[in-house]
Each structure stands twice: as structure tokens, then as C-alpha cells.
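Step one of this worksheet: look at the structure below.
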Amino acid sequence: MAELMQFLLSGVTVGAVYALVALGFTIIYNASDVVNFAQGEFVMLGGMITVFAHMAGLPIPLAALIAIAGTAAMGVALNKLAIEPARGAPVVSLIIITIGASIFIQGVAQLVFDKQLHRFPAFSGDTPISIFGATILPQSLWVLAGAIVVFVGLWAFFTKTLTGRAVLATSNNRLAAQLVGINTNWVMTLSFALSAAIGALAGVLVTPITNISYGVGIAYALKGFAAAMLGGMGVPLGALVGGILLGLIEALTAGYLSSVYKDAAAFVVILIVLFVMPSGIFGRKSTDRV
Amino acid sequence: MTTKRVTLLILAIIVIASPFFFPSNFYYRVGSLIFVNGLAVTGMVILIGYAGQISLGHAGFAGIGGYACALAPVHLGLHPGLAAILGAAISGALAWAVGRPILRLKGYYLAVATLGLGILVSMVLANEAWLTRGPDGIEVPDLGLNDVLEFVGIDISNAQFWYFFSGLALVIGAWIALNLYDSPTGRALRALHGSEIAARTVGIDVARLKLQAFVISAVYASIAGSLLALQNKFITPEVAGFMHSIEMVTMAVLGGVGSVLGAFFGAAILTTLPQVLTVFQEYEQILLGLVMMLCMIFMREGLLPSILRALRGKDK
């Protein structure tokens, strides 16, 4: 029982990180129909910038803030320089552009920073908290809290604020949104900034647990993509549930079946889900326009 | 002359004439890599260019083809050449079995499903160390054809042999792909690329055709994987990895996925680039990422069609 509890706790922690990445995917996908494979690099940048700002002598909260703001600026730059000029390009081209961006950012990161593994101290110490015979790191609670706060914040943003509704309107029908006076370019900029900031936040929160290096981005991108797909592309609740589910499946596979195949579990589940319900758990069925 | 003949002629001339400009044996090695990648990418042309389907997992099939050549000779006593055919059969069968449910998906969903498939294959290759010897890779037996050539009096170096052998494979692969383009199947594939619903209304069995394109491209990737393993006499699970899948798609789209020749140039550029960039090793990733982005933003149809159009524009 304690063993199961332990797997569940570690699964939820990892899952919360996936959920944050998946939420980032969701925002950009909604605003622009682009799946941004560079999403994982935002996580990497969040962690790396914080590490290096902290090493330069800044306190962690300030370093984290700089990292999140800097990554958000990076997201805006990505949109302005690579995504906007390619508007209307086919899916394959967009996939290659964002993967190219991901490789590019990785290359810059290993040049500007280094190739080492880094971490910084956990926010509330490293003394494990005991729950039902299992233990959880205080930092894991930070990750969980982060995922929940971001999800609730996004929900409020999209349903309660005019700007958030403008984003939703743009995702439903770009032309119609333009016609009612929404500045869709600004909506895109905002979405990329927001999405990058959320990715960076995930990086800041998870670095004390898992360490960070310039190359971790692509793994987060793939898992976050899988999580978003599992929950249903473009649905924030789906991203949250999909992320946590994916984390749990991985942890249980690692615990009971085989630790080397824990990464495989995620993709087996994705394949099964896509076979059985091709639009994910919370996704709407898509129809073709002739 | 038709596009088909021109394409085959250009490819044949490239294969035969390039060695006259090679300053050293090393260039045969690069050339043969280009041809092997070109063969894999020709399969992507059939899948992406003709049928309009995407795959981010085709390296998985290359991995199967490569490991078949490493394992079948040792465990089944097969000749490495037959092992390559066995690998192609396994790849085709896997593509057929998995393709049916996967190909109902579209766009990003198809992308993630194929991506998952590729990653699963590479994970099995890396983790089943009792069979594959794990992430460090495994040696592959010699094909033995070069010895036969030597026996009949043709004495060429190993690099030269593989250069011409891969070149021959590329030309044959291109010939098959070009024939397919003009066949009823090819027409139907292009029709469903344009609009699946329209294709269905004129009586095209969309599901069956997509599956065919998927299986054919898997066989291409598998054979390319086998050729790579046989000439390197060594293979690691990386050949089935995600980055290799991306490379295959990028090569195809970079050069121009609509045509065999365009895709070949994409393969040539992306294969040569790292060799040239070793001078700027620090900047290799940055440059690769930049090339990928810039080409896709400014030359959406790929390099070759864009250049041809620019040339034609000047003529007018």
C-alpha cells in the first residue's frame, strides 16, 4: 500500500510538469493551430536561466522571475520571427519550423550556458514529508501547486476576462474575430508569451527535483505533446488531466513493470487512446469541411 | 522527355560522374551516405508528397532494417542480403498492422501516433540488450558482394563499392517511385492528397491507398536502414531515434517533397551540411536549426521547386 502510494505521489509530481507543458501547447494550439515542438525548450530555458542568474548572485525568486520574463520574450520572438511569417503553411512545414526552432534554441543554450547538469536548492528545503507511509519532497508540492494555480488562472483568464475571450474567439474563427475588431496578431503574441512563461515556470519548479541541462527540452516537448493529445488537443482541462494521467501511468509502469520502459508506456497509451477515441478524452470530434 | 526520364537520367549522371571530382576516398563515403538517405527520403516522397500523410516515426523502420542485417545472419544463419529482405518484410508487415488504425488520424494526431511508434521501436532496440546488445550497438556482418566482384576481376575499394551499390539502389528506388507516380495508384494517392472526401466520392478506397503508401515508404526506410548498417558494418539504436525520423522528414520537405529529385537534393544538402560544418562544430546545431526554419518560411515548396520557379520567372 505504501509502495503504491509512493508511485502515485511521484507520478502526480511528474504529471504536474507534463500538465504545465501540455497547457503551454494548448494555448498556442488554440490561438494559431500550431503544435509548438519548441515548447520543451521553454522548460529548459526557465531552468537554465534561473540557474545561471542564481550563480551570478541573484536570489532565487528574482532569478526565476528573470527566467520567466526572458523566456516569455523568447516565445514572442519565436512567434514574430518564425511562426507569423509562415502563416498558412502546411502542418509538415510548421512541424519542421518549430523543431528547427527547438534545435536552434538548444544550440544557443549550449553555447551561452554549458553542457553540464545543474540544479539549485529546493524552495522549502529537502526534508521529505510523509503521507500514508510514502514520502513526498516539499518541492513536489510546489510543482503541484504551480500546475493547479496555472490551470485555475488560465480558466479565469479565458472565461472571465475580455482578453481571454478574445483569444478563444480567435481560436474559433480567426476571420470572424478580426471582423469584430480583435487584434489577432496581438492575440498570437500574447499566447506565445503566456505559453513560454508557463513552460519556464515548469522549468523553474522542476529543476531542484530532476536537474536541468541544455538538452532536456525535446523529452518534455514529446511528453507534453502526448499529454495534450491524451486529454484532447486544445482543451485546457484535457491538458491538466492528460498530464497527470501520463505521469501516473509512467510511475506505475516504472514501479510494477519495468523502469526502462516507463517512457514507452506513455506512447503505448497514446497509441491505444488514439485508436479508441481519436480526439482524446475531452476532445471534440472533428469534422471536415468540404 | 518526360519528368520521369529526366529525373532518372540526372540521378544516374550524378552517381556515375561525381567520382571524377572526388579528391579522396572519403568522398565516396559521403556520397554513399547521400544515396542511402536519398533512398529513405524517396519513400517519404511517396508518403508525404504523393499521399499527403505525415510520419515522425519512419526511423523506426530504418532501425528494423538495420538490426535485421545484424541479427538474422547470427541467429537464423541468413545471408546478410536476405536479412535485408527479411527486415523489409517485417517493416512492411508492421506498417501494415499499425497503419490501419493510425492512418485514420490526420495532421498532428497522425504525427504523434507515428512518433510514438518510432520511439517504441528505438526503445526496444536500446533496451532488449540480450538480443540487440543495447545502446552501444552491434556489429553487422559483411555483405560479401565486394569479394565476389574481386573474384571476377573488378577490384574496387570498399568505399567505392558501397558508393556504387547505394547509387544503384537509389536509382532503382527512384524508378519505382516515379512509375508509381503515373500509375492509377499514384493518381489516386494524389487525388486523396488534394481532398480525401472528393477522392472518396469518385470511388477511391482512401483507407487502403493510404495504407499502401505507408507500407511502401516503410519498406524504403527499412532497406535504407539495411544498406546503412551493411556499409558501416555496425549499427546503434540511434538509427531508429526520433532525431533520425525528423531528419528524414526534413530532408524530404527541404528539397521539395513533391518530387523525387527535389527530395534527393534535400538529402544531399542535409547529409553534406554536418560534414562541412565540422569546422564550426560549436555552431552546428544553431546552423541546422536556422536552415530548417529559413527554408520552411521562405521556400515552402522546398528548395528545388522554389529555385526552378525563380529561374522560370526570369525567363519570362
Side-chain angles (χ1 to χ4, degrees), chain A residues 29 33-35 37-38 78 81-86 88-111 214 218-219 222 225-226 228-230 233 258 260-261 263-264 266-272 274-276 278-280 283 286 288-290, chain B residues 48-49 52-54 56-57 98 100-102 104-120 122-124 126-129 195-198 201 242-243 246 249-250 252-254 257 282-302:
Chain A
Y29 181 77
D33 279 335
V34 172
V35 168
F37 277 91
L78 175 68
L81 299 177
I83 306 294
E84 250 178 38
V91 170
V92 187
S93 309
L94 289 170
I95 289 176
I96 293 179
I97 289 174
T98 56
I99 289 177
S102 158
I103 295 174
F104 177 76
I105 296 173
Q106 256 183 53
V108 173
Q110 67 170 288
L111 214 63
Y214 79 98
I218 198 77
L222 295 183
F225 184 17
M229 194 105 344
L230 182 62
M233 208 65 209
S258 142
V260 290
Y261 279 113
D263 296 317
F267 291 102
V268 171
V269 171
I270 295 303
L271 284 177
I272 295 171
L274 286 177
F275 291 169
V276 183
S279 20
S286 69
D288 270 352
R289 249 177 241 153
V290 184
Chain B
I48 305 177
Q53 309 298 308
I54 190 175
L56 297 185
V98 185
R100 282 210 288 189
I102 276 185
R104 282 184 312 171
L105 308 168
K106 289 194 186 74
Y108 290 116
Y109 290 88
L110 181 60
V112 78
T114 49
L115 184 152
L117 177 67
I119 289 184
L120 287 178
S122 74
M123 256 176 218
V124 170
N127 290 326
E128 296 303 315
S195 163
E196 261 184 45
I197 294 170
T201 53
F242 173 65
M243 278 323 286
I246 296 305
V249 176
T250 309
V253 179
L254 188 73
V257 75
E282 292 266 275
Y283 303 94
E284 189 187 327
Q285 271 193 311
I286 298 180
L287 287 171
L288 180 65
L290 266 184
V291 167
M292 287 167 75
M293 285 193 284
L294 291 177
C295 285
M296 283 302 100
I297 294 169
F298 295 111
M299 293 181 271
R300 284 192 198 170
E301 299 153 70

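Looking at B/Ile48, only its side chain comes within 4.5 Å of chain A, counting heavy atoms on both sides. Using a 4.5 Å cut-off between heavy atoms, B/Gln53 makes no contact with chain A at all. Residue A/Ile83 does not touch chain B at all, counting heavy-atom pairs closer than 4.5 Å. When heavy atoms are compared at a cutoff of 4.5 Å, B/Val291 does not approach chain A at all. If you measure heavy-atom distances from B/Phe298 to chain A, you find no contacts under 4.5 Å at all. Within the 4.5 angstrom heavy-atom criterion, no atom of A/Ile105 approaches chain B. In this structure, chain B has heavy atoms under 4.5 Å from both the backbone and the side chain of A/Ile96.
Distance alone, capped at 3.5 Å, places no donor-acceptor pair between the A/Ser102 side chain and the A/Ala38 backbone. In this structure, A/Tyr214 contributes its side chain and A/Gly107 its backbone to no donor-acceptor pair below 3.5 Å. In terms of modelled atom types and a separation under 3.5 Å, the side chain of B/Thr114 and the main chain of B/Leu56 share a donor-acceptor contact. B/Thr250 places a side-chain N or O within 3.5 Å of a backbone atom of B/Ile246 that can act as its donor or acceptor partner.
Side-chain contact between B/Met292 and A/Ile97 is absent, with no heavy-atom pair separated by less than 4.5 Å. Contact check for A/Val91 versus A/Val35: no side-chain heavy atoms found under the 4.5 Å cut-off. Within the 4.5 Å cutoff, the side chain of A/Phe267 has heavy atoms near those of the B/Leu115 side chain.
Ranked by non-hydrogen atom pairs under 4.5 Å with chain A, the options B/Leu294, B/Ile54, B/Asn127 are led by B/Asn127. Taking A/Ala226, A/Ser93, A/Pro90, A/Ser258 one by one and counting their heavy-atom pairs under 4.5 Å with chain B, the maximum is reached by A/Ser93.
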